[in-house]
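A short write-up of the structure that comes next.
We number each residue from 1, following the sequence as shown.
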Amino acid sequence: MSLLLLFLIPSAYAQSSNNITTDDQFLVNNDNDLDDVVDPVEIVNCSGCKATDAILYPWMVQLIGCIALFLVTRFNIPLPYAAIMFILGAIMGAVSSLSKANNILTNSITQWTNIDSDLLLLVFLPGLIFKDAVTIPIHLFLVASLQIWLLAFPMVLVGTTLTAVVGYYVLPYQWPLAAAATLGAILASTDPIAVASVLKTSGASPRLVIHISGESLLNDGSSFVFFTIFSQLFYINMGIPDEDSSDDISVWDGFLVFVRMSMGGTCVGAGFGAALLLIIWELDRRLEREFDILQVVFGLTAAYLCYFICDQLLGMSGVVAVVTCGVIVNYFGRGMINDEKLMESYLVLAEYLLNTLLFTLGGTIWATISFEKIESYQIKGIDWAWLLVLYLLVLFIRFIQVGLFYPIISRIGLKSDWREAVFLAYGGLRGAVGVALGLSLVRHVFEKTEDFQIRKLATILQFMGGGVTLLTLSINGTSAGPILKLLGLAKPSISTERVKLLFEGMAMDFVYEQISQLYEESRFVHVNFEVLKKQVPFVTKEPPKRHGQGVDFNSYSVQRFNRQDSGCAHYLQVTGLSNRASTFAAEGNEEHVGEILLEVRQIFLELLGEAYKVLLDLGELDMQEDNGYIYDTLQASVNLARNEVEHNQSTIQDWKWTEKFIFGTAPTLNSPHKEESDEIHGPQTDPVASWASSNMQVGNSAVPAVRDRSAARRLRLDVLRTIAFQQGHKMARSKLELFINRIEIPDDGSVRETIRPALEKVKEESKEQVKEAQEMLEKEISKKDLEIILSHYCSRIIIHRLMKFIERTAEDGTLGKIEARKYLSDMDNRLRQIVDETMDQLVTGGGCDPPSDQVSRDDVIAEDEAEHLFEGDESNSVDGSQC
């Protein structure tokens with residue numbers, strides 16, 4: 001490694017000592033083009049641009065990126081997303097460069113193509129590198145660290161040297177060796193962005209994944225160091241040295257620069273990593289959601305500050321520093337991060353935004369300079385041919401690199417085999433860091449000099465670097481999947497028909513289990529199985545209805561709510577309540593009984609709000625239907641009831657508040673609080689309300705056979721609101737009693753007399769609210785209407801759960817994404833059809849039974865017996881032809 005460095009630096013130094021900038025150094029394609037040169041400043045000037053124009057380009061790019069990513073995933077386009085954005089950026093740059101239009105968009109593009117070189121690196125690199133460093137599998141990374149170090153440092157220098165030789169001796173441009181070495185450093189960095197998804201979906205071995213991702217992480221730092229050294233030699237050679245660098249550089253100076261940048265960056269990064277660990281440790285407070293957000297923000301902030309201080313203030317490698325900082329946090333700080341999903345999601349979002357803008361900007365600048373209106377700056381056809389030659393040679397060099405080090409990497413660390421080595425060579429795509437370095441080079445040259453020859457040289461360098469990146473992403477990235485299968489590194493593929501059969505068998509078992517769970521609940525005891533069989537896919541046979549066999553089964557939603565951990569804070573509240581009750585009892589203070597009751601009510605209402613969230617997660621509530629009307633209504637009723645309890649010390653009265661949020665403008669049918677509703681909404685004019693008041697009273701046989709769809713819709717929403725309200729109360733009561741039973745209450749009668757009566761009082765208040773809801777329901781609806789609504793409601797619950805099952809199966813890789821999308825699309829159509837069928841049957845088929853089939857108070861099962869909505873004879877249910 002040192003020998004190669006000593007070879008390149010003296011050779012470049014020998015040329016830089018002459019400090020010649022005439023065209024004797026290198027050739028241009030056409031000497032006659034010099035006659036047509038205009039003031040080069042016009043190339044980068046933006047006449048008429050406003051500062052606010054700059055905001056348009058990045059967000060236009062994000063919009064285009066969203067559409068592109070949607071099309072790529074929706075239609076399974078094999079071309080990598082990064083390559084697509086590079087191509088789209090190139091189109092934008094070419095159009096902007098060749099057209100004479102002067103508008104806001106072209107002004108914005110011009111401003112971004114003129115971005116400062118240091119600012120460009122500072123904006124993009126820290127966020128991208130930090131994300132890779134903190135998400136890499138750290139223990140595999142450490143085991144394979146020696147292998148990865150060989151891939152990322154000595155192998156990068158070999159690649160840089162061989163690419164420099166190609167640029168100097170093979171390409172016809174007669175570049176200075178420093179320019180050729182700079183191109184080699186730009187093309188030395190690899191990026192797994194295009195092959196990462198291929199490796200994941202194909203089931204490649206973790207060893208291959210860690211070799212590719214680990215090499216990319218570390219060679220970002222090494223390529224940046226080599227780029228800095230050789231670009232400085234190039235600038236000196238061209239007579240445009242940096243302000244912070246000297247006009248002369250020796251071999252020893254180059255070696256010291258390498259040591260200072262790499263070792264100094266490592267030390268600074270370690271310091272930032274240690275400081276960030278202290279901050280994360282101090283913010284390790286899992287009950288404070290704000291601290292979770294602060295941990296994420298501090299992480300990304302530390303990455304940018306670390307890069308800025310190293311690169312701009314200390315003259316060290318900011319990339320190496322950020323890598324070191326991220327790896328230290330990854331190894332020591334994983335257990336201190338409160339919400340790893342939040343951290344990962346935030347960094348993934350940042351990576352997406354930065355990569356989208358960076359690759360698009362890279363394509364834009366690449367095309368803007370390549371297709372410049374000034375003829376002498378334009379890329380000729382012969383340049384495209386040499387670009388293809390360079391791509392092939394770079395690919396060949398990559399295989400030489402891996403081949404040289406294969407005898408070593410196959411025997412140390414995690415080891416390797418020849419097939420993985422072949423894919424490692426083929427999958428070494430160029431990516432974000434190389435694009436950023438190339439853009440930095442050309443922007444620096446255009447900022448520092450107006451010399452046409454030097455700008456032409458920088459244009460060719462940037463064209464070759466960006467072109468090779470585009471070709472590796474487009475060709476290697478697209479063919480990576482087939483190559484992986486050809487080498488036998490992917491999981492054995494299963495035929496589509498076989499996968500479909502396996503999935504449908506799993507889906508049948510899942511649906512049967514879900515129907516069995518719902519059949520255990522009293523509220524679904526009269527569900528018509530023919531409706532489920534028609535509307536729900538994968539239904540085979542009807543499970544037994546076990547409710548009513550002498551056992552009171554807790555519903556799945558109650559069991560799920562009792563098991564979940566979201567109630568820990570409420571459990572702590574109950575424990576604190578017990579301690580205070582014990583203190584009051586010891587003091588003989590009976591004045592605080594009211595305080596205990598108030599706290600129990602507050603805890604119950606908080607649990608009730610959590611219960612509604614569980615019902616939403618289980619598919620019993622739906623945010624897509626009617627814009628989440630029922631869920632929002634129930635949550636609002638909880639908040640309003642809690643406000644009354646806290647400020648007015650009233651009993652729990654949340655049912656009345658559900659009737660304040662009417663779907664439409666008229667009050668709910670047969671509202672027990674009709675007077676209050678009239679004050680808010682005016683007198684009853686809704687057709688459903690008129691129909692209910694005149695024809696749906698208990699014992700009235702004048703039930704119309706036909707009602708309009710608006711009335712049917714309101715009737716359905718009232719029933720679903722009541723069902724969810726009753727189920728939520730049942731879940732909240734069950735969990736509150738579970739918490740009370742868990743705590744250790746001292747064997748003191750006075751303490752029990754304080755806690756237990758408060759619990760029973762709250763339970764009675766809850767049951768009273770459920771009774772009010774039931775009374776409204778029994779006045780509005782017949783058994784036949786109720787069965788229609790419940791049967792379709794049961795179908796919706798099962799389909800919602802089936803959709804989540806399909807999503808999990810697709811994430812696991814058992815089911816392909818294309819097939820999963822087809823199933824999910826079918827589920828969405830079925831959900832819409834269920835609503836329409838419910839409306840049709842309520843309009844034409846419901847409410848025509850004799851009075852004896854009406855829901856009466858005698859039919860209502862008591863709350864102590866599982867709260868199902870009605871009890872009747874199996875013979876009263878409608879047959880399949882009616883539903």
Treating [X] as the side-chain partner and [Y] as the backbone partner, does any N or O pair qualify as donor plus acceptor under 3.5 Å?
X	Y	result
Asp812	Thr814	no
Ser557	Leu615	no
Thr633	Tyr629	yes
Asn648	Ser650	no
Lys761	Leu597	no
Ser791	Glu787	yes
Thr838	Ile834	yes
Thr658	Trp655	yes
Arg796	Leu831	yes

Any Lys/Arg nitrogen of [X] or [Y] sitting under 4.0 Å from an Asp/Glu carboxylate oxygen of the other?
X	Y	answer
Arg560	Asp617	yes
Arg801	Glu620	yes
Lys656	Glu644	yes
Arg601	Glu646	no
Asp840	Arg709	yes
Arg808	Glu811	no

request  = Would you please classify the geometry between the Phe503 ring and the Tyr823 ring as parallel, tilted or perpendicular, with 30° and 60° separating the classes?
outcome  = tilted
Nearest 0.5 Å please: distance from the [atom1] atom of [X] over to the [atom2] atom of [Y].
X	Y	atom1	atom2	answer
Ser734	Lys763	OG	NZ	9.0 Å
Ile799	Ile806	CD1	CD1	10.0 Å
Gln841	Ile788	CD	CD1	5.0 Å
Leu759	Ile596	CG	CD1	12.5 Å
Phe510	Lys804	CZ	NZ	10.0 Å
Met731	Gln726	CE	CD	13.5 Å

Using every non-hydrogen atom in the two residues, find where [X] and [Y] come nearest and quote the distance to one decimal.
X	Y	answer
Glu778	Glu775	CG-O, 3.2 Å
Ser516	Pro543	OG-CB, 3.2 Å
Gln295	Asn338	OE1-N, 2.9 Å
Leu634	Ala724	CD1-CB, 3.7 Å
Leu277	Val329	CD2-CA, 4.0 Å
Leu786	Ile781	N-CD1, 3.3 Å

Side chain to side chain, [X] and [Y], heavy atoms closer than 4.5 Å:
X	Y	answer
His526	Lys783	no
Glu610	Lys735	no
Asp654	Leu608	yes
Arg713	Arg716	no
Leu300	Met343	no
Thr135	Asn330	no
Ile797	His800	no
Leu349	Ser345	no

message = Determine whether Leu736 and Ile603 satisfy the following criterion, side chain to side chain contact (heavy atoms under 4.5 Å, CB included), listing intermediate values before the conclusion.
response = CA-CA 8 Å; Leu736 179 61; Ile603 295 172; 3.9 Å; yes
message = Please tell me whether Phe538 and Tyr512 form a close aromatic pair, meaning their ring centres lie under 6.0 Å apart.
response = no
ask   = When the aromatic ring centroids of Phe604 and His729 are compared, is their separation below 6.0 Å?
value = yes
key: Worked check of side chain to side chain contact (heavy atoms under 4.5 Å, CB included) between Leu283 and Phe298   = CA-CA 10 Å; Leu283 294 174; Phe298 266 114; 3.7 Å; yes
query = Would Arg733 and Val770 satisfy side chain to side chain contact (heavy atoms under 4.5 Å, CB included), going step by step from the backbone distance to the final call?
reply = CA-CA 12 Å; Arg733 288 200 306 272; Val770 171; 4.2 Å; yes
ask   = Should we say atom CD of Glu344 is surrounded by more than 12 heavy atoms from elsewhere, each under 6.0 Å from it?
value = no
query = Could you walk me through whether Gln514 and Leu802 pass the side chain to side chain contact (heavy atoms under 4.5 Å, CB included) check?
reply = CA-CA 9 Å; Gln514 297 304 310; Leu802 180 59; over 6 Å; no
key: Trace of the side-chain hydrogen bond (donor to acceptor under 3.5 Å, both in side chains) decision for Gln535 with Glu837   = CA-CA 10 Å; Gln535 295 178 340; Glu837 290 179 11; 2.7 Å; yes
Identified side chain to side chain contact (heavy atoms under 4.5 Å, CB included) counterpart of Ile789 within the set Leu717, Leu720, Asp718 = Leu720
